[in-house]
Every structure is written in C-alpha cells, then in structure tokens.
**Student:** 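Supplied in structure tokens, the structure appears directly below.
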Amino acid sequence: MAKWQKVVAVTGLAAGLALTLSACGSKKSSSDTSSNGTTTLTMYQIGDKPKHYDQLIKRANKILVKKANAKLKINYIGWGDYSQKMAVIVSSGEHYDIAKADNYTVNAQKGAYADLTKLLPKYAPTAYKQLDSAYIKGNKINGKLYAFPVNGNVYSTQVIAFNNRLVKKYNIDISKVNSYASLNKALKQFHAKDAKTVALAAGKGFKVESNFDYPLGNTLPFGVDVSDGGNTKKIVNQYDNPRMIANLTAMHQAYEAGYISQDAATSNTDYPINSLTWFARQETQGPFDYGDFQLNNTAGQKDAIVSKKITMPLKSVSQSQVFNWVVGNGSQHKELAVKVLGLINSDKKLLNGLVWGEKGVDYKQAGTDKIKLTSKYSSDNQMAAWMTGNNKNLYTTTDITSKMIKERNSSIASAKSSPLLGFTPDTSSVKTEITNIQNVMNQYIDGLNTGTSDPKPTIKKMDKALKAAGYDKVQKLLQKQYTEFLAKQ
C-alpha cells in the first residue's frame, strides 16, 4: 500500500484533539494474578487478530511463564477504531498494562504512559542495548522516554516504484529517474503508449517529498531542510523552498499532461500493488525492506517492482515513532510489563514464534537464523514483524542473502539522523493558531501535492491565508524552542 494511503501518526500536534486522559482514575485493573503467582498482563494491539492467535499466544505464554512468570492476553482493536477506543479506555480508568502508543507525544505529556527512562535499562537491558540511538532520541520527551520502540526501519527513503511488467512491455527508459522532474520523461514515454493506464498513482493524502523533516508532522507548513547543504537550524515553510516548488511544478506538469488522475486531490482510489492499473507510484523504503525485495514479496511476483530513490535515507522523528509499545501509567505491574516487552524484543524463539508461526508447520529451519516457509504459512495467521518486536532478531527466509543483510546493516549505520530527533515543542500557547493553520492547509495541501493546483499562484494565496491564521507567531515560537534545543545538544 502506498505511503499516502496509510494512516500516519502526526507527532507533537493535535493536543486539542485528544480526549482528556486520567492516569490516576479508578483502581479497576485488567491484570490478573493466579494462585501460583503467574500474572496475566493485558495488552492492546491495533489491527486484525491473527487467525492462529490461540496457537501462537499459547506458545508465547509457555516461554513467558518460564522466564518471567507472566502471561499475555492481547486484545485487538481495528485500525479505524483504535484511537477513539484507547482514549475511552484510558479516560475511564481501566488500567491496561501494555498497548500500542496512540498520539504518542500528546498522550505521554498528559500522563497516560509510564516513564520508562530508568525501567527499560533495568528490566529489559538486552533489548534496550539493541535499540538504535535514533529510536531513543526520537522518542524522548523533555528528556524522558515513555516508549519501547520496535526496532525496524529506523530510516526511510522515498522511492518511485515502477511496475516492471509495464516497463518491459513498452521498453520504457527509467535509468535516469532520480527526481520528480526526471520522472516526467518516463511518464511521457509510457503515456504515449498506454494512455488508459494511470501513469502516476496519486490520491488524497499524497505528499511530495523534498528532504525535509517536520517538528509538527508533514501536514503543517513547518519544516527543517535536511538535504546536503540545507539549513538545519532554521524552521521554515517547506512550500516556499525552491526545491519543493520545483517538485510541485513537476507534479503539476504531470497532472496537466494527463499522467495523474484528474480527481486525484479528492480520490481514495486503491491501486493494488500486484495489479496493472498503474505504471509508477511513490513508496517508502527502509533497511528491512531489503531494497525492492519487500515490494516484490507484497506483489507476489519476483521482479514485479523496480524502484529509483528520490530522497536521501533519513532517521527522522516519524520513523522513530512508527510503532511504539507503551506501558499504561495506571498499570500495577510496570516492571513486569517492561520485562515482558524486553523478552519479546530479545528472545528469538519467542519473537519468531509470534511472527513466523510454528517450527515444522509454518516454516522449516534452514540454518541458525535462516528459515524456509512452508505452504501452510500465511501472514494472516501470525503477527506482523514491524509491529511486534526487534526485526534484527527475526529469522530471515532463504531469499535474503548474507550480502543483503550486510548491506542492510551498513545502510543503517550510514543513514543521516534528523536534527529534530529529541525535539518536542511546547505548542500549548498557540493551539488556536495551529488549528487555524491546519484549516488553511486542508484547503490547499491535496491540490498542491497531487499536482492539481498550479504551485506558484496557489502558494502565494496559501501564504497570505497562513499569515492571517497566525503563522508568524507559531514559527517564531517553534524557532525559539528549536534554537534552545540545538544549543543543548
């Protein structure tokens, strides 16, 4: 699924949108301690319940009882309902133990989550040491850590993914694509041969990427230029940046030429990755995607997708918070909850049983850390790797070579870290202005990013509306706090 079709967590924003949280409400608890001293911890997870949940949790609990005298009971809440239901759970005083973080920064500041700064290194030392420092910096709020991040794609890069079957069919030259402007040349070649197929899949929520990171999320006009040679000390309106304007102009040219669907700004049309309904699309890749391997795996066909990078690899705030486990501040078993999370992230047998299934049934061992999946394996039966535990401790299938793993580790070490990591602005004094600014952006953002609107005149009108909404006041506040933050680094 394309990045612009996913639900994205916006950090440091929407304080006014969260329901009032009470970390010290009633003493109602969903944990349970049996007569033999084994404690069952309650975990809330987002998404669909695995079809083989009963089998996998039974295997997991055998290990947890042995190593921590604990069991897990996982309650699943659907993607569309999670935020609302978790807010109700917390505000009602229900004391859950572990949960997938929701609106992490805001809820941590409101006291919904336990402070793990000292608990993680004490009760989950192995897993804590295995975390990339970007995860720790990116999740600290005023110097305190409230999250146990899942170690996975710690950096991301934006790529243009091409439907390789169509590339080969029409002999399209994509060798020189490294930007939106150079992409248009390939789109023109394709459109001339197949005008009925969408050349560039884009829709509502699509974002043009230009090597920026964002203190308040990418739906607001506050960014730091992290490109080589960019001014990383200044918070600016990314839409005023010449590079961004050039990229938006290229998108507008593609739109006017008919390469992009004419209703893209309002469309939620799905373009299945394994279909021939599109020629090019924008995707996010990280180190555990092993280049185009994961895209091809999702497409269900080897060499179905080939991609070209258009941004630099960046360890950003949003990547560090892709999936955070948190411990409820009202939990009566905080230390045990941290210990269990530590085991999930460091015990290979436990983690791989949750993600890959049962040895000998869902997979066969093909080496110390290598497996071969059987015909009985299905991702619907197990937990997803990116939202369970440390991906580095997962077995890799025989398709992943030692060279790919070496390149993965090398790319993680060399990826650039955003200067915004660890910066948590206090926007309590400008909540009204931020709401007004967001309302302005809602009018313009989809039109600009899908190429529907002509960027230069549109940005001029948008900037005028932003100024009236209080942009200067918010930018000045953010800049002051950011300058102070940088001085302490």
**Student:** Keeping the roles fixed (side chain from S346, backbone from G342), state whether a donor-acceptor pair exists under 3.5 Å.
**Tutor:**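 The answer is yes, because a donor-acceptor pair under 3.5 Å joins these two groups.
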**Student:** Apply the test side chain to side chain contact (heavy atoms under 4.5 Å, CB included) to residues L314 and T157: give CA-CA distance (whole Å), side-chain angles for both, the deciding distance (0.1 Å), then the verdict.
**Tutor:** CA-CA 7 Å; L314 182 68; T157 184; over 6 Å; no
**Student:** Would Y471 and F222 count as a close aromatic pair, with their ring centres under 6.0 Å?
**Tutor:** yes
**Student:** Given side chains that start at C-beta, do those of K392 and N151 come closer than 4.5 Å, heavy atoms only?
**Tutor:**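 Yes, their side chains come closer than 4.5 Å.
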**Student:** Check I344 against L354 and note the closest heavy-atom contact, atom names and distance.
**Tutor:** CG2-CD1, 4.3 Å
**Student:** Could you give the distance from CD (Q109) to NZ (K144), rounded to the nearest 0.5 Å?
**Tutor:** 12.0 Å
**Student:** Between atom CG of D240 and atom CG of N237, what is the distance when rounded to the nearest 0.5 Å?
**Tutor:**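 One finds 4.0 Å between CG of D240 and CG of N237.
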**Student:** Is the closest side-chain donor-acceptor distance between T483 and Q479 under 3.5 Å?
**Tutor:**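 The answer is yes; a qualifying pair exists.
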**Student:** So, the side chain of K73 versus the backbone of K71: is there a donor-acceptor pair under 3.5 Å, distance only?
**Tutor:** no
**Student:** As an exercise, state the distance from NZ of K66 to CG of D347, rounded to the nearest 0.5 Å.
**Tutor:**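 Rounded to the nearest 0.5 Å, the NZ-CG separation comes out at 10.0 Å.
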**Student:** When you check the side-chain N and O atoms of S227 and N211, is any donor under 3.5 Å from an acceptor?
**Tutor:** no
**Student:** Is there a side-chain hydrogen bond (donor to acceptor under 3.5 Å, both in side chains) between N345 and N390? Walk through the geometry before answering.
**Tutor:** CA-CA 5 Å; N345 281 273; N390 187 351; 5.8 Å; no
**Student:** Taking all heavy atoms of P221 and all of I437, pick out the closest pair and write down the distance.
**Tutor:** CD-CG2, 3.7 Å
**Student:** Any Lys/Arg nitrogen of D225 or R243 sitting under 4.0 Å from an Asp/Glu carboxylate oxygen of the other?
**Tutor:**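 Looking at R243 together with D225, the answer is yes, because their closest N to O distance falls below 4.0 Å.
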**Student:** Under 6.0 Å between ring centres, would you say that holds for Y363 and Y377?
**Tutor:** no
**Student:** Under a 4.0 Å N-O cut-off, is there an ion pair linking E484 with K480?
**Tutor:** yes
**Student:** Please report the C-alpha distance between N324 and N139 in whole Å, then the side-chain angles of each, then the deciding distance to 0.1 Å, and finally whether the side-chain hydrogen bond (donor to acceptor under 3.5 Å, both in side chains) criterion is met.
**Tutor:** CA-CA 9 Å; N324 282 341; N139 282 289; 2.6 Å; yes
**Student:** Taking C-beta and beyond as the side chain, do L350 and K67 meet within less than 4.5 Å on heavy atoms?
**Tutor:** no
**Student:** When you look at I459 and Y444, which way does the side chain to side chain contact (heavy atoms under 4.5 Å, CB included) test go after all the steps?
**Tutor:** CA-CA 8 Å; I459 291 172; Y444 295 98; over 6 Å; no
**Student:** Tell me whether S331 contacts the main-chain N or O of V327 through its side chain, where contact means a donor paired with an acceptor under 3.5 Å.
**Tutor:**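 It does not hold such a pair.
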**Student:** Please check this pair: side chain of N352 against backbone of Y395, looking for a donor-acceptor N/O pair closer than 3.5 Å.
**Tutor:**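 Checking the backbone N and O of Y395 against the side chain of N352, a donor-acceptor pair under 3.5 Å is found.
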**Student:** Does a side chain donor of either S156 or Q285 reach within less than 3.5 Å of an acceptor in the other side chain?
**Tutor:** no
**Student:** Are side-chain heavy atoms of S320 and V154 found at a separation under 4.5 Å?
**Tutor:** no
**Student:** For the pair N107 (side chain) and D102 (backbone), establish whether a donor and an acceptor sit closer than 3.5 Å, ignoring hydrogens and angles.
**Tutor:** yes
**Student:** So how far is it from W325 CH2 to K100 NZ, rounded to the nearest 0.5 Å?
**Tutor:**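 So the gap between those two atoms works out to 9.5 Å.
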**Student:** State whether the side chain of Q321 and the backbone N or O of T105 hold a donor-acceptor pair below 3.5 Å, judged by distance alone.
**Tutor:**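 Side chain of Q321 to backbone of T105: no pair is present.
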**Student:** Hey, what's the ring geometry for Y290 with F293, parallel, tilted or perpendicular (30° and 60° as the breaks)?
**Tutor:**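 Because their plane-to-plane angle is over 60°, the rings of Y290 and F293 count as perpendicular.
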**Student:** Can you label the angle between the Y214 ring and the F212 ring as parallel, tilted or perpendicular, going by 30° and 60°?
**Tutor:** parallel
**Student:** Among T458, D463, N449, find the one that has a side-chain hydrogen bond (donor to acceptor under 3.5 Å, both in side chains) with Y239.
**Tutor:** N449
**Student:** So does E283 pair up with R281, basic N to acidic O under 4.0 Å?
**Tutor:** yes
**Student:** Distance alone, cut at 3.5 Å: any donor-acceptor contact between the side chains of Y135 and Q130?
**Tutor:**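 Checked: Y135/Q130 side chains show no N/O donor-acceptor pair below 3.5 Å.
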**Student:** For N439 and Q443, run side-chain hydrogen bond (donor to acceptor under 3.5 Å, both in side chains): C-alpha distance rounded to whole Å, both residues' side-chain angles, the deciding distance at 0.1 Å, then the answer.
**Tutor:** CA-CA 7 Å; N439 289 337; Q443 298 177 45; over 6 Å; no
**Student:** Could you walk me through whether I74 and K49 pass the side chain to side chain contact (heavy atoms under 4.5 Å, CB included) check?
**Tutor:** CA-CA 9 Å; I74 306 177; K49 188 176 184 178; over 6 Å; no
**Student:** Tell me whether D369 at atom CG has more than 12 heavy atoms from other residues, nucleotides or ligands lying less than 6.0 Å away.
**Tutor:** yes
**Student:** Taking the side chain from D289 and the backbone from G286, do they hold a donor-acceptor pair closer than 3.5 Å?
**Tutor:**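 Such a contact is found between D289 side chain and G286 backbone.
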**Student:** Counting only N and O atoms by type, is there a donor-acceptor contact under 3.5 Å from the side chain of D292 to the main-chain atoms of L295?
**Tutor:**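 Between the backbone of L295 and the side chain of D292 there is no qualifying donor-acceptor contact (under 3.5 Å).
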**Student:** Heavy atoms, side chains only, cut-off 4.5 Å: are W386 and N153 in contact?
**Tutor:**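 No, side chains not in contact.
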**Student:** Compare all side-chain heavy atoms of K467 with those of D472 and state whether any distance is below 4.5 angstrom.
**Tutor:** yes
**Student:** May I ask you to decide whether D97 forms a salt bridge with K334, counting only side-chain N to carboxylate O separations under 4.0 Å?
**Tutor:**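 Between K334 and D97 there is no salt bridge, as every charged N stays at least 4.0 Å from the carboxylate O atoms.
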**Student:** Supply the atom-to-atom distance Y76 OH to I46 CD1, rounded to the nearest 0.5 angstrom.
**Tutor:** 12.0 Å
**Student:** Of all heavy-atom pairs between M251 and Y180, which one has the smallest distance, and what is that distance?
**Tutor:**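 Heavy-atom minimum between the residues: SD-CD2, 3.9 Å.
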**Student:** Verify, without hydrogens or angle tests, whether S453 (side chain) and P455 (backbone) share a donor-acceptor contact under 3.5 angstrom.
**Tutor:** no
**Student:** Is it true that E94 and Y44 share a donor-acceptor pair across their side chains at a distance under 3.5 Å?
**Tutor:**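 There is such a pair between these side chains.
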**Student:** About how many Å separate NZ of K122 and OG1 of T117, when rounded to the nearest 0.5 Å?
**Tutor:**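 One finds 14.0 Å between OG1 of T117 and NZ of K122.
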**Student:** Give a yes or no on whether the backbone of I412 and the side-chain of K315 come within a donor-acceptor separation of less than 3.5 Å.
**Tutor:**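 Looks like yes, one N/O pair under 3.5 Å.
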**Student:** Does T219 reach the side chain of Q438, with side-chain heavy atoms less than 4.5 Å apart?
**Tutor:** yes
**Student:** Do you know which two heavy atoms are closest between P313 and A415, and how far apart they sit?
**Tutor:**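 Closest heavy-atom pair between P313 and A415: CB-CB, 4.2 Å.
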**Student:** A side-chain contact here means heavy atoms from C-beta on lying under 4.5 Å apart; do I434 and V474 qualify?
**Tutor:** yes
**Student:** What's the shortest heavy-atom distance between A101 and V326, and which atoms?
**Tutor:** CB-CG1, 3.6 Å
**Student:** For the pair N393 and N391, evaluate side chain to side chain contact (heavy atoms under 4.5 Å, CB included) and give the outcome as yes or no after the intermediate values.
**Tutor:** CA-CA 5 Å; N393 286 328; N391 282 209; over 6 Å; no
**Student:** Are more than 12 heavy atoms, taken from residues, nucleotides or ligands other than K359, located less than 6.0 Å from that residue's NZ atom?
**Tutor:**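 At most 12 heavy atoms, drawn from other residues, nucleotides or ligands, come within 6.0 Å of this atom.
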**Student:** So which heavy atom on D426 is nearest to which on L477, and how close?
**Tutor:** O-CD2, 3.7 Å
**Student:** Check the pair Y155, S417 against side-chain hydrogen bond (donor to acceptor under 3.5 Å, both in side chains), reporting the backbone distance first and the verdict last.
**Tutor:** CA-CA 8 Å; Y155 76 74; S417 291; over 6 Å; no
**Student:** Check whether any side-chain heavy atom of L72 lies under 4.5 Å from a side-chain heavy atom of I98, and answer yes or no.
**Tutor:** yes
